[in-house]
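Right, one structure below, let's go through it.
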Amino acid sequence: MPELPEVEIIRRHLDAELRERTIRKVRIRRRDLVLNLPTVRALAGKLEGRRICRVDRRGKNLLFRLDGEAVLQIQIRMTGRFALGRRRPDVAIYRHIVAIFELDDGRNLYYDDVRRLGGFRWLEPEEWAALDRSLGPEPLAASFTARRLETVLEGTRAPIKNALLDQRRIAGIGNIYASEVLFRARIHPERAGGSLETREIAALHRSIRTVLRDALQAAGTTFRDFRAVNGRSGSYQHSLSVYGREGEPCRSCGRAVERSVQAGRSTFLCASCQK
DNA sequence: CTTGTACCCTGACCGC
DNA sequence: TGCGGTCAGGGTACAA
């Protein structure tokens, strides 16, 4: 899925379009889409008749704030996407629609997810508060300082790449941006998180914010599946320094970009630029 | 506590 | 053309 910038692009569209809309009817076609209620009907029953007050984001989670304080948490994970309209969206792009929300303005919100790794969770206010507490800081918030990052990494023996992917430490970074951020900060992904010096932490902090902001500016990265609500792709894939560039020359020194595996996932790096 | 691994699911792609 | 292996913006349960 989509990481923070992609989810934020989706959130902006959804918030602009869904605010103050009431959900008339919900059709969920796959049982496994509902993560914390016994049946599809149980979730649909809770949602129908509710007004969407706002669409928020926390890390990679989308949050529909509903009247009565409850929250619909949506994790789109690897391949979830949305489309909005009176009629079904282009089948060439949206061929696995697994949920449809009928709205009071006659439009439908379509949720499409090929791999069905994503899902919906109904959260009562205290459950949302617990989820919020379990996630690390928002990297683009003003309160996310280099000092905060240092605290989060203190005493960590896990490799810095793994630590960046851990949503309890920092919320929103995924596999693409973890590699990109470390390249920009010139830090080797295998370094233990707790071994970074203060000036390296400062560089990492700056890189996290720059990379995520630039990606947001470019409407996200479309490596394979990501689409905004209007069906458009992002363009940050053209700006990637290392991700997906195994064997190609490092943009900084020319040495071939290497691929390795950490925690079962690909890491891309330049072994001469990153120490 | 922390860290690593298997697994969820489908489709695209590569080499034989 | 078909088949098997590998890989994919993620997260969770469970084991060590």
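A note on names: the letters A, B, ... follow the listed sequences, proteins ahead of strands, and every chain is numbered from 1.
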message = Looking at every heavy atom in both A:Lys60 and A:Leu4, which two are closest together, and how far apart are they?
response = CG-N, 4.3 Å
remark   = Closest to the side chain of A:Pro159, out of C:dG11, C:dG10, B:dG4, is B:dG4
inquiry  = Please give the stem ranges for DNA chain B, sorted by first residue number, where a stem is three or more consecutive Watson-Crick or G-U pairs and both donor-acceptor distances are under 3.5 Å.
reply    = B:2-8 with C:10-16, B:10-16 with C:2-8
request  = Identify whether any heavy atom of A:Ser266 sits under 4.0 Å from a base atom; if not, whether one sits that close to sugar-phosphate; answer base, sugar-phosphate or nothing.
outcome  = sugar-phosphate
inquiry  = Without decimals, in angstroms, what is the distance between A:Ile160 CD1 and B:dT3 P?
reply    = 11 Å
query = Which part of the nucleic acid, if any, lies within contact of A:Arg227, taking any heavy atom under 4.0 Å across all strands shown: a base, the sugar-phosphate backbone alone, or nothing?
reply = nothing
inquiry  = Tell me the closest heavy-atom pair linking A:Leu33 and A:Gly118, and the distance in Å.
reply    = CD1-O, 3.9 Å
query = What heavy-atom pair brings A:Phe183 and A:Ser252 nearest, and what distance separates the two atoms?
reply = CZ-CB, 4.2 Å
ask   = When you compare C:dC3 with B:dC9, how far apart are their P atoms, in angstrom units rounded to a whole number?
value = 23 Å
Nucleotide C:dC7, atom C1' - distance to CZ of A:Phe268 in whole Å = 10 Å
query = If you look at every strand shown and take non-hydrogen atoms under 4.0 Å, does A:Ala158 touch a base, only sugar-phosphate, or nothing?
reply = sugar-phosphate
inquiry  = For the backbone of A:Asp56 and the side chain of A:Asp15, can you confirm whether one donor and one acceptor N or O come within less than 3.5 Å of each other?
reply    = no
inquiry  = Using ring centroids (six-membered ring only for Trp), state whether A:His205 and A:Phe144 fall under 6.0 Å.
reply    = yes
Residue whose nearest DNA chain C nucleotide is more 5′ - A:Gln167 or A:Val261 = A:Val261
inquiry  = Does B:dG11 have OP1 or OP2 under 4.0 Å away from a side-chain N or O of A:His96?
reply    = yes
key: Centroid separation A:Phe101 to A:Tyr110 less than 6.0 Å   = no
remark   = From the candidates C:dC7, C:dG11, B:dG4, the one with an atom nearest any side-chain atom of A:Asn162 is B:dG4
Polar side-chain atom of A:Glu6 near backbone of A:Thr221 as donor-acceptor pair, under 3.5 Å = yes
note = Correct closest heavy-atom pair for A:Asn175 and A:Lys161 would be OD1-NZ, 2.9 Å
ask   = Expressed in angstrom and rounded to an integer, what is the separation of A:Arg265 atom CZ from B:dT3 atom C1'?
value = 16 Å
query = Atom CG of A:Asp32 to atom P of B:dC7: distance rounded to whole Å?
reply = 18 Å
ask   = Quick one: which of C:dA8, B:dG4, C:dT12 gets closest to the side chain of A:Arg224?
value = C:dA8
key: Integer-rounded Å distance: B:dT10 P and A:Leu33 CG   = 13 Å
query = Can a side chain N or O of A:Arg259 be found less than 4.0 Å away from OP1 or OP2 on C:dC7?
reply = yes
ask   = Looking across every strand, which nucleic acid part, if any, lies under 4.0 Å from A:Asp225 by heavy atom: base, sugar-phosphate, or nothing?
value = base
key: B:dC9 phosphate, OP1 or OP2, under 4.0 Å from A:Thr79 side-chain N/O   = no
query = Within a reach of under 6.0 Å around CZ of A:Arg87, are more than 12 heavy atoms found that belong to other residues, nucleotides or ligands?
reply = no
message = Without decimals, in angstroms, what is the distance between A:Arg29 CZ and B:dC9 C1'?
response = 17 Å
ask   = Taking the same atom, P, in B:dG11 and in C:dG11, what whole-Å distance lies between them?
value = 22 Å
ask   = Nearest-Å distance, CG (A:Leu35) to C1' (C:dG11)?
value = 10 Å
note = Residues of residues 114-129 of chain A with a heavy atom under 4.0 Å from any atom of DNA chain B, listed by number, are A:Val114, A:Arg115, A:Arg116, A:Leu117
message = Once you apply a heavy-atom cut-off of 4.0 Å, does A:Arg157 come out as touching a base, just sugar-phosphate, or nothing?
response = sugar-phosphate
query = Just how far, in rounded Å, is P of C:dG11 from CG of A:Leu62?
reply = 12 Å
query = Can you tell me if A:Arg232 and A:Thr222 form a side-chain donor-acceptor pair at under 3.5 Å?
reply = no
key: Side-chain (A:Tyr236) to main-chain (A:Gln217) donor-acceptor, under 3.5 angstrom   = no
